[in-house]
There are 2 protein chains.
Amino acid sequence: MSDGLTIHEAAQTTGWSPRMLRYLERVGLVDPPRTEAGYRVFGPGELQRLRTLRELLARFECQLSDVAFAKRMRDDAELRQAVGRWLESEPRRPEGVATDDWLRWEQEKHQRLLALADAA
Amino acid sequence: MSDGLTIHEAAQTTGWSPRMLRYLERVGLVDPPRTEAGYRVFGPGELQRLRTLRELLARFECQLSDVAFAKRMRDDAELRQAVGRWLESEPRRPEGVATDDWLRWEQEKHQRLLALADAA
DNA sequence: GCAACGTTAGCACTCCCGTGTCAAGGTTTT
DNA sequence: AAAACCTTGACACGGGAGTGCTAACGTTGC
């Protein structure tokens, strides 16, 4: 069947179940091409991506919905900006904070925002 | 009681229930200061923030956990980078894509990543 | 000092996510 | 043509998120 694994084979080598591979497609995290007959075909790239995703979730103890949301943010500028603005709207620092600490905080704001982009 | 609203008053003017205001604190999305006796005090900033949060969730149909995750990403560089790398690892473009389209895609990658930072 | 409000802790309910499994039907292989 | 795959769709279940309510106890205002 040309090159690329079938869903059970892909499940085998990635550690996901076939069921989950379909689910991951459903929530938009992967999108394997299909054969004429509609069979999913998992290429090497997709396989690597699937393994990496497992590591990601395990290492940072997060959910599929979290990664899906990160993707939404990457693709939707309006959403990204709205969330970013909200996160930066934290009100009055703790009482004990000295003014120059506050200034440093303000100065680092831009830095923190830029940091959102430092993915490879 | 100095300046700032009590939890029921805050609930009134923000549209959240008192229960949810406590819950929002629990998941780290707000952090109202306390009186000596331990009563939460909601200042104008916190109130605005709470209203904005409702709008955000409604407008983009997302969950508290999504916003919480965005915050985690903002604060944890390692997480942010790992997610970013994964999102950029999408394998083979659709078959029909011409080479110069692919090139444009690659060139826009940096742009897309930078875009993550354009919040206010 | 009592009424009205705050605190935390806990029970309980609904809804959705992640997951398995099975059914009915099409495809590929031998 | 039968065996061994694939597809979608549905029922089902455990666990966690989001939410209300009550209990037990401390604080504030009149």
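Each chain gets a letter, A, B and so on, in the order its sequence line appears, and its residues count up from 1.
- The distance from atom CZ of A/R26 to atom C1' of C/dT19 is 13 Å, rounded to the nearest whole Å.
- Rounded to whole Å, atom P of D/dT8 lies 7 Å from atom CD of A/E25.
- Distance CG (A/L5) to P (D/dC5): 14 Å, rounded to an integer number of Å.
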Between the protein and nucleotides 25-27 of chain D, list every N/O to N/O distance that falls short of 3.5 Å.
from, atom 1, to, atom 2, distance (Å)
D/dG26, N2, B/Y39, OH, 2.5
D/dT27, O4', B/Y39, OH, 3.0

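- For the pair B/W86 (side chain) and A/T52 (backbone), a donor-acceptor distance under 3.5 Å is absent.
- A donor-acceptor contact shorter than 3.5 Å is absent between the side chain of B/R72 and the backbone of B/L79.
- Non-hydrogen atoms lying under 4.0 Å from DNA chain C are contributed by A/L64, A/S65, all within residues 49-65 of chain A.
- In this structure, A/W16 places its CH2 atom 6 Å from P of C/dT19, rounding to the nearest Å.
- One interatomic measurement links the two molecules: CZ of A/R40 to P of C/dT27, which rounds to 15 Å at whole-angstrom precision.
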* What's the verdict on salt bridge (Lys or Arg N to Asp or Glu O under 4.0 Å) for A/R74 and B/E90, showing C-alpha distance, side-chain angles and the deciding distance? -> CA-CA 13 Å; A/R74 192 201 55 179; B/E90 310 184 31; 3.0 Å; yes

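- If you measure from atom CZ of A/R22 to atom P of C/dT21, you get 13 Å, rounded to the nearest angstrom.
- Each of B/E36 and A/G38 lies near DNA chain D, and the nucleotide nearest A/G38 is the one positioned closer to the 5' end.
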* To do: Classify every nucleotide of nucleotides 9-14 of chain D by which part a protein heavy atom approaches to under 4.0 Å, writing B for the base, S for the sugar-phosphate alone and - for neither, in 5'-to-3' order.
  => -B----

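- Checked for salt-bridge contact, A/R34 and A/E25 meet the test: a charged N lies under 4.0 Å from a carboxylate O.
- Looking at B/R51 and B/T13, their side chains come closer than 4.5 Å, going by heavy atoms from C-beta outward.
- Summarising the geometry, the separation between CD on A/E9 and P on C/dT29 is reported as 11 Å, rounded to the nearest angstrom.
- Side-chain atoms of A/S17 come within 3.5 Å of backbone atoms of A/M20 as a donor-acceptor pair (strictly under, hydrogens ignored).
- Within 4.0 Å of A/R34, counting heavy atoms only, lie sugar-phosphate atoms of the nucleic acid but no base atom.
- Distance, B/F69 CZ to C/dC17 P: 16 Å, rounded to whole Å.
- Remark: side-chain polar atoms of B/K71 are paired, donor with acceptor, to backbone N or O of B/G28 under 3.5 angstrom.
- Atom CZ in A/F60 sits 8.5 Å away from atom CZ in B/F69 (nearest 0.5 Å).
- Listed for the A/R80 side chain is a donor-acceptor partner under 3.5 Å among the backbone atoms of A/M73.
- Relative to the side chain of B/Y23, the nucleotides C/dG18, D/dA17, C/dT7 differ in distance, and D/dA17 lies closest.
- Between A/L24 and A/L64, some side-chain heavy-atom pair lies under the 4.5 Å cut-off.
- Residues B/R49 and A/S89 have side chains that bring a donor and an acceptor to within less than 3.5 angstrom of each other.
- Nearest-nucleotide positions on DNA chain C place B/I7 closer to the 5' end than the other of A/V27 and B/I7.
- The distance from atom CG of B/L53 to atom CD of B/Q48, rounded to the nearest 0.5 Å, is 11.5 Å.
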